[in-house]
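No experiment lies behind these values; they were computed from the predicted model shown.
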Amino acid sequence: MYETMDELEDSVRRRLYRMRDLGDRMAGVRARETSPDEMITVEVDGNGALLSLELSESISRLSPGEFESVLVATTMAAARRAFTERADLINEFNDEMREA
């Protein structure tokens with residue numbers, strides 16, 4: 001426990017700053033993925049929301065169904081990477097809070 005009010009305040013302040021840092025880092029999570037054929041590149045945020053989409057000219061060779069499939073697979077791969085990064089941040093935060 002804490003022997004003085006100053007120690008308690010210091011502990012609370014450190015935890016608050018660490019929580020703010022976690023929020024900032026989570027807000028900054030981005031993942032970029034390119035399809036294996038390099039026709040589509042996507043970038044998503046930490047929530048998996050599409051931020052950017054780059055298409056090469058060679059997508060014109062794809063049928064609408066093929067385009068959809070490649071787009072969804074590439075976006076899902078980027079989202080998985082973003083979610084993994086967020087999970088790592090949360091696990092790191094939880095470990096630090098257990099030690100504090």
Side-chain angles (χ1 to χ4, degrees):
M1 283 316 290
Y2 304 99
E3 293 187 23
T4 67
M5 187 62 147
D6 289 340
E7 288 175 346
L8 175 61
E9 287 177 11
D10 185 54
S11 175
V12 169
R13 190 172 295 112
R14 279 194 319 270
R15 289 173 188 244
L16 176 62
Y17 291 150
R18 185 59 187 104
M19 287 177 67
R20 286 181 182 164
D21 179 55
L22 174 64
D24 291 344
R25 291 176 70 192
M26 294 213 15
V29 170
R30 301 287 183 269
R32 199 168 168 80
E33 190 71 34
T34 300
S35 62
D37 54 18
E38 298 185 350
M39 290 185 186
I40 298 175
T41 299
V42 298
E43 183 178 14
V44 300
D45 67 12
N47 295 317
L50 186 63
L51 298 175
S52 70
L53 173 62
E54 298 171 17
L55 306 172
S56 72
E57 289 182 19
S58 56
I59 64 159
S60 61
R61 294 189 304 242
L62 299 175
S63 70
E66 291 169 328
F67 172 75
E68 176 186 6
S69 179
V70 173
L71 176 61
V72 169
T74 305
T75 305
M76 286 178 59
R80 265 192 305 277
R81 288 182 55 211
F83 296 156
T84 298
E85 186 176 338
R86 282 178 51 133
D88 291 344
L89 290 173
I90 292 168
N91 288 333
E92 178 185 317
F93 173 82
N94 287 339
D95 289 345
E96 289 176 11
M97 289 299 105
R98 274 191 285 276
E99 294 170 5

- Item | Pair L55-L71, side-chain contact (heavy atoms from CB on, under 4.5 Å): steps then yes or no | CA-CA 10 Å; L55 306 172; L71 176 61; 5.5 Å; no
Shortest non-hydrogen contact from [X] to [Y]?
X: A82; Y: G46; answer: CB-CA, 4.2 Å
X: E85; Y: R30; answer: OE1-O, 3.8 Å
X: A31; Y: A78; answer: CB-O, 3.2 Å

Any chain of hydrophobic side-chain contacts (each under 4.5 Å) joining [X] to [Y]?
X: V12; Y: M5; result: yes
X: M76; Y: F67; result: no
X: V29; Y: F93; result: yes
X: L50; Y: V70; result: yes
X: M97; Y: L22; result: yes

- With T84, which residues qualify under side-chain hydrogen bond (donor to acceptor under 3.5 Å, both in side chains), at least two apart? none
- Message: According to side-chain hydrogen bond (donor to acceptor under 3.5 Å, both in side chains), who are the partners of D88, at least two apart in sequence or on a separate chain?
- Response: none
- Partner set under side chain to side chain contact (heavy atoms under 4.5 Å, CB included) for E68, not counting sequence neighbours: V72
So, the side chain of [X] versus the backbone of [Y]: is there a donor-acceptor pair under 3.5 Å, distance only?
X: S35; Y: I40; value: yes
X: E66; Y: L62; value: no
X: S60; Y: E57; value: yes
X: D10; Y: D6; value: no

Would you call [X] and [Y] a side-chain contact if the rule is heavy atoms closer than 4.5 Å?
X: S58; Y: E38; result: no
X: V42; Y: R32; result: no
X: T74; Y: M39; result: no
X: N47; Y: R86; result: yes

Charged N to carboxylate O under 4.0 angstrom, [X] versus [Y]?
X: R18; Y: E92; answer: yes
X: E96; Y: R14; answer: no
X: R20; Y: D24; answer: no

- Message: If I take atom CG from residue D95 and atom CD1 from residue I90, how far apart are they, to the nearest 0.5 angstrom?
- Response: 12.0 Å
- Message: Measuring from atom CG of D21 to atom CE of M26, what distance do you get when rounded to the nearest 0.5 angstrom?
- Response: 11.5 Å
